[in-house]
Amino acid sequence: MVHWSAEEKQLIASVWSKVNVAECGAEALARLLIVYPWTQRVFASFGNLSSPTAIIGNPKVRAHGKKVLTSFGEAVKNLDNIKVTYAKLPELHCEKLHVDPENFRLLGDILIIVLASHFARDFTPACQFAWQKLVGVVAHALARKYH
Amino acid sequence: MVLSANDKSNVKSIFSKISSHAEEYGAETLERMFTTYPQTKTYFPHFDLHHGSAQVKAHGKKVAAALIEAANHIDDIAGALSKLSDLHAQKLRVDPVNFKLLGQCFMVVVAIHHPSALTPEIHASLDKFLCAVGNVLTSKYR
């Protein structure tokens, strides 16, 4: 089980309380597809992903980004129980969606950049540490049942 | 992975905005890297790594200068960083994985100080550039 210090929990919660999940999620997913274009491979059904403008404006990308970050929020609310919180998601990503777990790591790094751009100096080094730890834990929880 | 004409122009554009703060951003990048990825401190046992350390500031200035040099010679990064590449291969031997960690922290610093300049397109080009720099610095490792 992952150990979270009181400070880490507080830093995570304090950032999360100010996050606009729909906007942040949409931006993070769009940036993932733009910065690492090979990640588009699992989104063939999403329609027009032909340019950064198309990706940013794509309603399916926006909706899915919101969905992903909303789910991420479940981990934030259950830091001591992330494995249990994500009981079904690993199988879904492995068996149905066929997503390479490396994508979770990439999305986590992108999310950090998006948070940094929104929170500026409030996204202190200590904050970055806690959040980088969190995205790593989430990525690991999603990948743990791959077979 | 090749830098397109567009990538090169994007990188020059963002660097024109950040080069006057290079030293400051270099130091902040290192501080964030040491805090976020404590394993990176293993390469600096001889440094004072506390916040505000003069050694970190000086080293940050060097790192930033190298990135600027690469950006200014973006058509030949390997040539521009050849001596640094030798240094990393023969003396420093920083594990290749760490260049990505430094790159992530540099990107965070740019995002913090220039959020509106770091559009998705610029982000993509800058990410490619930082990868290219890391590749050059590790190119002579074996």
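Throughout, protein chains are lettered first and strands after them, A, B, ... in sequence-line order, and every chain is numbered starting at 1. These values consider heavy atoms only, across backbone and side chains, with no hydrogens, waters or symmetry-generated copies.
Two residues are said to be in side-chain contact when any heavy atoms from C-beta on lie closer than 4.5 Å; A:Phe129 and B:Pro38 meet this criterion. A:Ile110 is listed as a side-chain neighbour of B:His123, based on a closest heavy-atom distance under 4.5 Å. Taking 4.5 Å as the limit, every side-chain heavy atom of B:Leu118 sits out of range of all side-chain heavy atoms of A:Ser117. When side chains are defined from C-beta on, B:Lys128 does not count as touching A:Val35, because their heavy atoms never get closer than 4.5 Å.
For NZ of B:Lys61, the number of neighbouring non-hydrogen atoms (other residues, nucleotides, ligands) closer than 6.0 Å is 12 at most. The 12-atom threshold is not exceeded at NZ of A:Lys67, counting heavy atoms of other residues, nucleotides or ligands nearer than 6.0 Å. In the displayed structure, B:Lys8 atom NZ is contacted under 6.0 Å by more than 12 heavy atoms of other residues, nucleotides or ligands. At most 12 non-hydrogen atoms from other residues, nucleotides or ligands lie less than 6.0 angstrom from NE2 of A:His140. With a 6.0 Å radius and a threshold of 12 heavy atoms from other residues, nucleotides or ligands, A:Glu7 has its CD atom at or below the threshold. More than 12 heavy atoms of other shown residues, nucleotides or ligands fall within 6.0 angstrom of atom CD in B:Glu121. Enclosure of atom NZ in B:Lys62 is not indicated, since only 12 or fewer non-hydrogen atoms of other residues, nucleotides or ligands lie within 6.0 angstrom. By the neighbour-count criterion of 12 heavy atoms within 6.0 Å, atom NZ of A:Lys66 is sparsely surrounded, having that number or fewer from other residues, nucleotides or ligands.
With a 4.5 Å cut-off on non-hydrogen atoms, A:Phe119 does not touch chain B at all. Looking at B:His113, the atoms closer than 4.5 Å to chain A (heavy atoms on both sides) all sit in the side chain, from C-beta outward. When heavy atoms are compared at a cutoff of 4.5 Å, B:Ser116 does not approach chain A at all. With a threshold of 4.5 angstrom between heavy atoms, A:Ala30 does not approach chain B through any atom at all.
The CZ atom of B:Arg32 sits 6.5 Å away from atom OG1 of A:Thr124, with the distance rounded to the nearest 0.5 Å. Remark: B:Ile112 CD1 to A:Gln128 CD distance equals 7.0 Å, nearest 0.5 Å.
B:Val108 and A:Ala116 get closest at one heavy-atom pair: CG1-CB, 3.8 Å.
Comparing B:Val109, B:Thr119, B:Val110 by how many heavy-atom pairs each has under 4.5 Å with chain A, the most go to B:Thr119. Annotation: maximal heavy-atom pairing with chain B below 4.5 Å, among A:Asp109, A:Ile34, A:Ile56, occurs at A:Asp109. Listed options B:Thr35, B:Leu126, B:Thr36 were ranked by heavy-atom pairs under 4.5 angstrom with chain A; first place goes to B:Thr36.
Residues A:Leu11 and A:Leu69 fall into different hydrophobic clusters, defined by Ile, Leu, Val, Met, Phe, Trp and Tyr side chains chained together at heavy-atom separations under 4.5 Å.
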